[in-house]
**Student:** 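The structure follows.
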Amino acid sequence: MHMKPFTLRDYQQDAVDLTIQHFRNSSSPAVIVLPTGAGKSLVIAALAQKARGKVLVLAHVKELVEQNHQKFCAIGIDAGIYSAGLKQKDTTQQVTFASIQSISRNLEALDTPYTLLIIDECHRLSEDPDSQYLKTITHLTTLNPSLKVLGLTATPFRMGLGWIYQYHHRGYTRSDTPRPFKECIFELPLRHMISNGYLTPPNIVDAAITQYDFSAITPTHSGNLPEKPVNDLLTRCKRVTQAIIQQVEQYAKNRQGVMIFAATVMHAQEIVSYLPPQLTALITGDTPNITRDDYIQKFKRQELKYMVNISVLTTGFDAPHVDMIAILRPTQSVSLYQQIIGRGLRLAPNKKDCLVIDYAGNNFNLHHPEVGKPKPDSTAEPVQVFCPLCEFANIFWGKKDNNGHIIEHFGRRCQQAEKDKNGNIRRCEYRFRFKSCPFCAAENDIAARQCHQCKEAITDPDEQLKKALQLKDAFILRCAGLSIDINETKVSVIYHDEQGETLKESFNFSFSTQRGVFNKLYGRRFLNGTQPMTFRTATQVVEHSTQLTPPDFVIARKKGKFWRIQTRIFDYAGNFRKANQLN
């Protein structure tokens with residue numbers, strides 16, 4: 001068959017080359033991160049063309065299946081489609097484009113070995129072995145144990161799970177535990193796409209009128225806000241919604257296509273009631289496919305100006321003329337926020353920018369996606385923390401003072417990871433927060449139940465506190481801070497609780513063993529573990545006393561008339577309330 005040549009952009013070619021290089025040396029599942037509008041379907045087409053053996057390309061909506069199939073067939077090679085929504089079920093070709101819903105229900109249709117599995121929008125993968133994706137991967141792996149699995153996404157982060165891959169090609173660790181994909185082998189920043197003219201610049205403006213305040217509603221584990229309290233709040237805000245839509249219409253006067261993201265079905269219906277009916281369509285999860293397709297075609301032909309939806313047009317929807325996005329829904333997910341704005345960043349004639357107005361106060365930076373863990377509290381921000389061992393620049397959640405100095409950070413372990421000459425990934429061992437093994441003194445993660453070095457069981461801090469509570473001769477001090485007193489070579493550490501109660505212990509710096517114990521407890525944790533220090537004199541300790549990291553709990557036992565400290569619990573992350581916490 002005649003081959004129609006197509007030219008890849010530089011970054012698309014890089015993504016293809018790096019994928020081939022990775023799978024020549026490894027069978028570990030890999031991810032490519034390309035922003036919305038970067039042409040993932042062309043990268044998929046090039047890889048499917050170059051692969052030896054059978055290729056399966058999965059997507060979660062029929063629009064993506066069709067789009068990826070069309071781009072591939074444009075090369076001049078036939079390919080099969082397996083999708084109930086597209087009324088085709090063909091796996092006889094070398095390359096098959098399938099919807100995950102259809103293929104996972106009919107795995108017997110995949111009865112020959114495949115060499116490459118490509119998953120578009122792969123951030124949708126869950127770790128549940130009964131999920132559609134993992135069942136399909138397991139089935140294909142039984143047919144071919146050396147199956148190569150490649151994922152593509154613009155947003156490699158999933159609420160509730162975190163990063164979908166473990167290691168990044170630039171040498172850092174995204175997750176301490178295994179993830180559905182082992183490595184991100186290529187990532188192109190959104191900023192690169194915009195500055196090189198491949199995407200339309202977003203013009204993000206503050207809502208000039210009132211916003212919704214969703215801050216009092218507690219998110220679910222997956223990071224979504226429950227529907228009932230959201231509806232209750234929005235019902236009380238009808239005037240706010242009406243004012244917002246009036247402003248949207250004002251801004252939209254010189255715009256070609258406007259997408260409005262609503263919080264709930266009730267909310268969307270209210271929004272639609274304020275917009276001109278002849279120019280407006282509403283799509284929800286319950287909209288029949290035939291109606292949905294009709295609305296989308298009319299919107300793309302610009303017969304409709306306003307497209308209102310609830311979470312259904314965040315991926316796989318491509319209308320390049322969209323030049324205004326109004327976000328009226330809350331989200332805890334930077335990924336979803338990026339997907340929403342991505343709907344308006346494709347290039348189109350007479351389009352200079354995409355106006356983005358967030359009426360829900362989501363307050364994300366579009367160019368700085370995820371830190372990798374949920375925000376510990378509303379005042380936290382990304383901070384750069386250098387590893388004292390390998391000097392790697394880690395990004396953690398943290399807090400700064402008014403001068404921009406870091407006063408606290410929430411990182412546990414250095415994120416640096418690099419490949420050795422055999423291709424094995426090695427992690428930096430340095431831990432900013434740690435739990436010392438009582439048997440071999442090795443440093444472990446603060447949640448570890450077993451020492452990684454000697455394999456002995458490590459007592460859970462909650463168990464230690466529960467046991468101490470049951471003893472009549474034990475005292476638990478909830479530590480709010482510490483102070484230092486010195487008398488010649490003797491250093492006294494005084495622990496204070498919220499009510500002014502204290503416990504005290506002393507270390508005589510004349511003796512190397514006591515000096516060593518102090519340094520293991522406090523020198524190693526100096527400045528949150530960012531600048532470990534070896535204290536040699538009592539005077540040194542006093543000079544730096546305000547930068548010592550106090551424990552969260554101190555447990556003491558009665559010896560005669562005095563309390564003797566038995567345990568100090570640092571970096572506590574359990575069920576008991578710490579000092580200065582409200583609950």
Side-chain angles (χ1 to χ4, degrees), residues 385-390 408-414 427-461 463-465 468 476-477 479 481-496 502-557 563-574 578:
V385 178
F386 289 92
C387 172
L389 190 61
C390 71
E408 185 180 6
H409 75 83
F410 298 92
R412 290 188 185 182
R413 183 177 173 182
C414 176
R427 284 281 311 267
C428 174
E429 288 294 322
Y430 190 80
R431 296 180 191 275
F432 297 94
R433 286 176 159 75
F434 57 90
K435 192 156 60 174
S436 293
C437 172
F439 300 96
C440 71
E443 293 177 4
N444 291 271
D445 185 77
I446 59 172
R449 296 297 181 91
Q450 185 187 47
C451 175
H452 71 92
Q453 190 162 292
C454 70
K455 308 302 179 201
E456 289 282 354
I458 302 174
T459 311
D460 178 47
E463 290 300 316
Q464 288 178 300
L465 291 166
I476 301 173
L477 183 132
C479 188
L482 59 76
S483 57
I484 299 292
D485 227 358
I486 62 166
N487 183 0
E488 295 180 351
T489 60
K490 196 161 95 173
V491 173
S492 294
V493 183
I494 303 133
Y495 305 104
H496 305 265
T502 61
L503 281 172
K504 179 177 173 181
E505 65 179 329
S506 297
F507 303 85
N508 193 331
F509 268 47
S510 303
F511 301 107
S512 59
T513 47
Q514 291 197 31
R515 201 167 58 241
V517 171
F518 181 89
N519 278 309
K520 197 165 268 187
L521 290 169
Y522 296 104
R524 174 64 184 83
R525 290 184 172 90
F526 187 66
L527 280 175
N528 284 321
T530 58
Q531 292 177 33
M533 189 165 175
T534 303
F535 291 99
R536 304 191 191 284
T537 66
T539 312
Q540 255 187 316
V541 177
V542 170
E543 286 169 358
H544 297 285
S545 61
T546 57
Q547 294 157 311
L548 298 176
T549 303
D552 294 307
F553 294 95
V554 181
I555 302 173
R557 298 284 296 276
W563 292 106
R564 180 170 292 176
I565 290 171
Q566 305 259 303
T567 310
R568 304 152 211 85
I569 299 174
F570 290 88
D571 302 313
Y572 176 74
K578 294 197 288 189

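Owing to the predicted nature of the structure, the values given are computational and were not obtained by experimental measurement.
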**Student:** Do you know which two heavy atoms are closest between Ile486 and Val542, and how far apart they sit?
**Tutor:** CG2-CG2, 3.4 Å
**Student:** Please test Cys479 against His496 for side-chain contact (heavy atoms from CB on, under 4.5 Å), starting from the C-alpha separation and ending with a verdict.
**Tutor:** CA-CA 6 Å; Cys479 188; His496 305 265; over 6 Å; no
**Student:** Before giving the answer on side-chain contact (heavy atoms from CB on, under 4.5 Å), spell out for Phe570 and Tyr522 the whole-Å C-alpha distance, their side-chain angles and the decisive distance to 0.1 Å.
**Tutor:** CA-CA 10 Å; Phe570 290 88; Tyr522 296 104; 3.8 Å; yes
**Student:** Is it the case that the ring center of Phe509 lies less than 6.0 angstrom away from the ring center of Phe518?
**Tutor:** yes
**Student:** Which atoms form the tightest heavy-atom contact between Gln450 and Ile458, and what is the distance?
**Tutor:** C-CD1, 3.9 Å
**Student:** Between Cys428 and Leu389, is any pair of side-chain heavy atoms under 4.5 Å apart?
**Tutor:** yes
**Student:** Could you tell me whether the side chain of Asp552 and the main chain of Tyr572 form a donor-acceptor pair under 3.5 Å?
**Tutor:** yes
**Student:** Between Arg515 and Arg536, what is the shortest heavy-atom contact and its length?
**Tutor:** CD-O, 3.6 Å
**Student:** Which value, rounded to the nearest 0.5 Å, describes the distance between Leu521 atom CG and Ser436 atom OG?
**Tutor:** 8.0 Å
**Student:** Using only atom types and a distance under 3.5 Å, with no angle test, would you say the side chain of Thr549 pairs donor to acceptor with the backbone of Arg525?
**Tutor:** yes
**Student:** Determine whether Val517 and Phe507 make a side-chain contact, defined as any pair of heavy atoms from C-beta on separated by less than 4.5 Å.
**Tutor:** yes
**Student:** How about Arg524 and Glu443: do any of their side-chain heavy atoms sit closer than 4.5 Å?
**Tutor:** yes
**Student:** Can you measure from CG (Leu482) to NZ (Lys504) and round to the nearest 0.5 angstrom?
**Tutor:** 13.5 Å
**Student:** Any side-chain heavy-atom pair from Met533 and Leu527 closer than 4.5 angstrom?
**Tutor:** no
**Student:** How long is the gap from SG on Cys437 to NE2 on His452, to the nearest 0.5 Å?
**Tutor:** 8.5 Å
**Student:** Applying side-chain contact (heavy atoms from CB on, under 4.5 Å), run through Ile476 and Phe553 and close with a yes or a no.
**Tutor:** CA-CA 7 Å; Ile476 301 173; Phe553 294 95; 4.0 Å; yes
**Student:** Could Asp571 and Lys435 be called an ion pair, given the rule that one side-chain N must be under 4.0 Å from one carboxylate O?
**Tutor:** no
**Student:** Determine the minimum heavy-atom distance between Ile484 and Ser545, stating which atoms define it.
**Tutor:** CG1-CB, 3.6 Å
**Student:** Can you see which heavy atom on Cys414 is nearest to which on Arg427, and at what distance?
**Tutor:** O-NH2, 2.9 Å
**Student:** Please test Ile565 against Ile555 for side-chain contact (heavy atoms from CB on, under 4.5 Å), starting from the C-alpha separation and ending with a verdict.
**Tutor:** CA-CA 6 Å; Ile565 290 171; Ile555 302 173; over 6 Å; no
**Student:** So, taking the atom named SG in Cys451 and the one named CD in Glu456, what distance separates them when rounded to the nearest 0.5 Å?
**Tutor:** 8.5 Å
**Student:** May I ask you to test the Glu429-Arg413 pair for a side-chain heavy-atom distance under 4.5 Å?
**Tutor:** yes
**Student:** Evaluate Arg568 against Glu505 for salt bridge (Lys or Arg N to Asp or Glu O under 4.0 Å), listing each step before the verdict.
**Tutor:** CA-CA 11 Å; Arg568 304 152 211 85; Glu505 65 179 329; 2.8 Å; yes
**Student:** Let's go through Asn508 and Ser510 carefully: what are the C-alpha distance in whole Å and the side-chain angles of both, what is the deciding distance for side chain to side chain donor-acceptor pair (under 3.5 Å) to 0.1 Å, and is it a yes or a no?
**Tutor:** CA-CA 5 Å; Asn508 193 331; Ser510 303; 3.1 Å; yes
**Student:** Taking atom CG of Leu503 and atom CZ of Arg564, what is their separation to the nearest 0.5 Å?
**Tutor:** 13.5 Å
**Student:** Flag the pair Phe432 / Tyr430 as yes when their ring centroid distance falls below 6.0 Å, and as no otherwise.
**Tutor:** yes
**Student:** Please name the pair of heavy atoms, one in Arg433 and one in Ile446, separated by the smallest distance, quoted to 0.1 Å.
**Tutor:** C-CG2, 3.9 Å
**Student:** To the nearest 0.5 angstrom, please state how far the OG1 atom of Thr546 sits from the CG atom of Leu548.
**Tutor:** 7.5 Å
**Student:** Before giving the answer on ring pair (Phe, Tyr, Trp, His ring centres under 6.0 Å), spell out for Phe526 and Phe535 the whole-Å C-alpha distance, their side-chain angles and the decisive distance to 0.1 Å.
**Tutor:** CA-CA 10 Å; Phe526 187 66; Phe535 291 99; 5.8 Å; yes
